[in-house]
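To keep things clear, I will list the structure first and then write my remarks on it.
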Amino acid sequence: MQRKKLLILVSPIAILVLWQIASLLNIINPLFLPTPYEVALKLVELLASTDPAITIWPDISATLYRTLVSFAIAAIIGIPMGLVMGYSDKIYYSLEFFVDFFRSLPATAMFPLFMLFFGIGDESKIAVTAFACALIIVVNTMYGVHHASKLRIMAAKIMKASKTKLFTKVIFPDALPGTFAGMRIAVSLALIIIIVTEMFIGTNFGLGRRIIDAQLVYRIPEMYAAIIVAGILGFMVNTLFVWIEKRTVHWAGK
Amino acid sequence: MSEIAIEKLSKSFGALKVLDNLNLKVKSGEFITFFGPNGCGKTTLLNILSGMETPTKGSILINGKAPAHSKIGFVFQDYNQSLFPWRTVSGNVEFALEAQNMDSNREAIAENVLKKIHFEEINLLAFRDKFPYELSGGMKQLTAIARALAFDPEVFLLDEPFSALDYTTTLKMEDALLDILDKTEKKETTLFVSHDLDEAIYLADRVVVLSKRPAGIAKIITVDLPRPRKMEMRLGRKFFALRNSVLKAFEAGRK
């Protein structure tokens, strides 16, 4: 078991080795691909510096804040909507087209539209992200309800459970693994969209802005360092979510 | 104390006739097993008894009331799909009480029921905080039985509850079930659908043999074996004779 866990280090080490070889052999223009050492040095500087012009922490916290707020709004809207759509065929058929259409429409295509209504501040970034994420949570929660065990519902009905209890104590928990699967996808998607909006719509702080600014002025090691920070952030958010998921819907798949 | 009166009961789904003119009176506290060919309508009969379906003709009355207005304890064949996996053993049992709006003493009632259930000397109470996925198939089905008995049903219905279990476990489960019913204060009126000939005889006061679809009653055979039932009885002459007459009725009804 211990040995197997160490295997997680194989791919990052392999990437670093290949990167170092590529740098040493000058296969790629060093302006576009600095050495791992240069990038590591820049990364440490961004994380350790107290100089407001250098530190990356305000960008991390701005991106994280927007991601989590978007995700929370998406969950608050998406879960009840998915439950209702899963439960009632009438509501499902009434909303099916709306959900499927906007789910197929790339969220990025709607940036200008959301900017029109919500301006260029945090509101438009959060709104467009929450919108795209809510749709994913709706669909997965709805599938969760559809896959709820018919026998459990029947058992509860025979025990004379009221409609409210049937919904809150049987259908909702039975749909929860689906809801969580949707939220896991949504939390990763939220980070992706937020970073793109930061590049496109613009902002004072944010990892997306940091990455694109560094690229525009050819501070390439800084660009790589900021990308790595975004990657680590995404990985941590996802890992934390999986951890919560396993503890909450502990029965799923068993 | 409950008495069940099935009168001229017929059920059709469209043109498909499933039950045909069933008449049966079940005494309070009696243990009835239904035995019949596959797909003859046993499950439909239980669904009507549990109030999930309504008869096309005729009636079922439980203490003079329709099943939809009676307290029914129901055990399904598929325990994995019928238990609540997000609740512990004790939580599953308590659900029955929550559904009935019994808000006080739930824990104590659940404990009392679990205490009565033994599987080879092991008390189910020892597993009260386990989740269904942590238990064996037999233990899961005993949890479902505890849930069905917890709210003091007027009728206790079981739909082939042991058919997903292996033979050895099934034998133990049959003894466990009879043991539980012995320990409940009031004698439960029990209707048990079985597709196993020995099981149908071993458990029952009377075996109701159903004919092929549309199912009618082919024969009712009284099992005059003493209680408590013992494993050795399965080997005796009497059991053998009962087996013969049930099988004869089954064969006649199958044609």
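Remember, it's a predicted structure, so these values are computed and weren't measured experimentally. Note: hydrogens, waters and symmetry copies are ignored here, and every other heavy atom, side chains too, is used.
- At a 4.5 Å heavy-atom cutoff, the contact between A/K157 and chain B is made by backbone and side-chain atoms alike.
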Please evaluate residues A/M154 and B/F76 with respect to the criterion side chain to side chain contact (heavy atoms under 4.5 Å, CB included), reporting the C-alpha separation (whole Å), side-chain torsions for both, the decisive distance (0.1 Å), and the verdict. CA-CA 10 Å; A/M154 195 167 151; B/F76 295 88; 4.1 Å; yes
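- When heavy atoms are compared at a cutoff of 4.5 Å, B/P67 approaches chain A solely by way of its backbone atoms N, CA, C and O.
- In this structure, the portion of B/A68 lying under 4.5 Å from any heavy atom of chain A is its backbone and not its side chain.
- Residues B/E98 and A/K169 are paired through a salt bridge, judged by an N-O separation under 4.0 Å between the basic side chain and the carboxylate.
- Residue A/R152 comes nearest to B/N80 through the heavy atom pair NH1-O, 3.0 Å, listed as atom of the first residue, atom of the second, then distance.
- Interface check for chain B: of the options A/S162, A/P173, A/A156, the most heavy-atom pairs under 4.5 Å are formed by A/P173.
- Proximity to chain A is limited to the backbone of B/L83, based on heavy atoms less than 4.5 angstrom apart.
- For B/F151, the part sitting under 4.5 Å from any heavy atom of chain A is the side chain, from C-beta outward, and nothing else.
- More than 12 heavy-atom neighbours from other residues, nucleotides or ligands sit within 6.0 angstrom of OH on B/Y133.
- Note that CG of B/N47 and CD1 of A/I158 are 7.0 Å apart. Values are rounded to the nearest 0.5 Å.
- Within 6.0 Å of the CZ atom in B/R206, the count of heavy atoms belonging to other residues, nucleotides or ligands exceeds 12.
- Surrounding CZ of A/F167 are more than 12 heavy atoms belonging to other residues, nucleotides or ligands, all under 6.0 Å away.
- Around CZ of B/F13, the count of heavy atoms belonging to other residues, nucleotides or ligands within 6.0 Å exceeds 12.
- Both the backbone and the side chain of B/N101 come within contact range of chain A, with heavy atoms under 4.5 Å apart.
- In terms of heavy atoms, B/Q81 sits closest to A/S149 at O-OG, 2.7 Å.
- When all heavy atoms of B/S82 and A/A155 are compared, the pair lying nearest together is O-CB, 4.3 Å.
- Panel note: side chain A/K160, backbone B/H69; no donor-acceptor pair is recorded below 3.5 Å.
- Heavy-atom neighbours of A/K254 NZ from other residues, nucleotides or ligands within 6.0 Å: above the threshold of 12.
- Closest approach of A/H250 to B/F131, counting heavy atoms only: CE1-CE2, 3.3 Å.
- In the displayed structure, A/F111 atom CZ is contacted under 6.0 Å by more than 12 heavy atoms of other residues, nucleotides or ligands.
- More than 12 heavy atoms of other residues, nucleotides or ligands shown are found within 6.0 angstrom of NZ on B/K65.
- Residue contact with chain A, scored on non-hydrogen atoms closer than 4.5 Å, is absent for B/N92.
- A/V249 does not touch chain B: none of its heavy atoms, backbone or side chain, sits under 4.5 Å away.
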